[in-house]
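Accompanying notes for the structure given below.
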Amino acid sequence: MTAPSSPLPQPSPAADLVAEPMRSRWSPAVFATDRPVDDATVGGLLAAAAWAPSTGNTQPWAYVVTRRGTPAHDVVLDALSEGNRGWVPTAPVVIVGATLVGEHDGRSPKGDYTFYDLGQSVAHLTLQAQAVGLHTHQFAGVDGAAVARGLGIPDAFRVVVGIAVGYVGTDDHLAAARDEDVARHRKERVRRALAESAYDGAWGVPFGG
Ligand SMILES: Cc1cc2nc3c(=O)[nH]c(=O)nc-3n(C[C@H](O)[C@H](O)[C@H](O)COP(=O)(O)O)c2cc1C
């Protein structure tokens with residue numbers, strides 16, 4: 001196995017105020033196809049997701065783990081958007097994230113917070129992954145209804161996102177990847193200026209701290 005392409009993309013350029021593992025988190029588009037992720041590690045990701053806060057502790061999320069080479073994984077691959085067909089299969093694990101949108105087993109969703117809670121839970125999952133040396137790349141470019149049908153997910157749950165999980169691809173893996181995925185992998189990471197999204201005391205007054 002070769003070393004990861006060096007240097008790794010600098011996760012959060014100029015983000016000197018951001019602590020680990022948030023600073024190092026980024027979404028690679030080329031994973032190491034020859035490095036599986038063991039079940040205990042995946043279990044840790046799911047445990048972190050489960051310990052996220054949620055509205056009234058309702059924990060409306062549900063996850064289905066799929067591993068490369070299994071029929072469940074094929075269900076996800078078959079439902080991918082064109083843009084995601086090249087890179088998602090390079091991840092050894094894809095976790096499908098769904099959330100409660102109807103009545104199920106005596107539970108009901110708390111309005112839009114069902115989506116908020118899933119997102120926050122996934123954020124915990126991604127940071128746990130980063131903390132144990134893995135990377136994640138979420139994707140909405142997938143036919144959620146087809147995935148739900150193929151994996152037997154009840155109608156009361158909406159498939160919202162896929163989460164590709166694995167180790168960052170090396171130069172060898174990059175050499176085998178589609179050009180567009182290599183470009184995506186190496187794309188400069190940028191964010192809107194904080195002053196455009198964070199205000200101090202009143203809308204439009206940039207937070208200057
Ligand atoms: C809900 C959600 C959906 C996303 N969908 C896709 C997708 O379909 N395909 C893709 O390549 N990336 C997707 N992404 C990844 C984002 O493009 C990525 O997080 C963003 O560009 C910021 O990059 P970073 O995660 O490395 O900071 C998605 C991310 C989120 C949170």
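Heavy-atom basis, side chains included; hydrogens, waters and symmetry copies ignored. First listed ligand is number 1; within each ligand, the first listed atom is number 1.
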Nearest-0.5 Å distance, NE2 of residue H137 to CZ of residue R184: 6.5 Å
Just to be sure I understand the cut-off, which residues have at least one non-hydrogen atom under 4.0 angstrom from an atom of ligand 1? R25, W26, S27, N84, W87, H137, Q138, F139, A140, G141, R184, R189, R191
Tell me which donor-acceptor pairs under 3.5 Å the side chains of residues 57-65 have, and how far apart each pair is, sequence neighbours excluded?
| unit_1 | atom_1 | unit_2 | atom_2 | d |
| --- | --- | --- | --- | --- |
| N57 | OD1 | Q59 | NE2 | 2.9 |
| T58 | OG1 | T55 | O | 2.6 |
| Q59 | NE2 | N57 | O | 3.2 |
| Y63 | OH | S121 | OG | 2.5 |

Salt-bridge contact R23-D16 (side-chain N to carboxylate O under 4.0 Å): no
Would you kindly say whether T114 and D117 are connected by a side-chain donor-acceptor distance under 3.5 Å? no
Between H104 and D155, do the side chains contain a donor N or O and an acceptor N or O under 3.5 Å apart? no
Between T99 and R158, a side-chain donor and acceptor under 3.5 Å: no
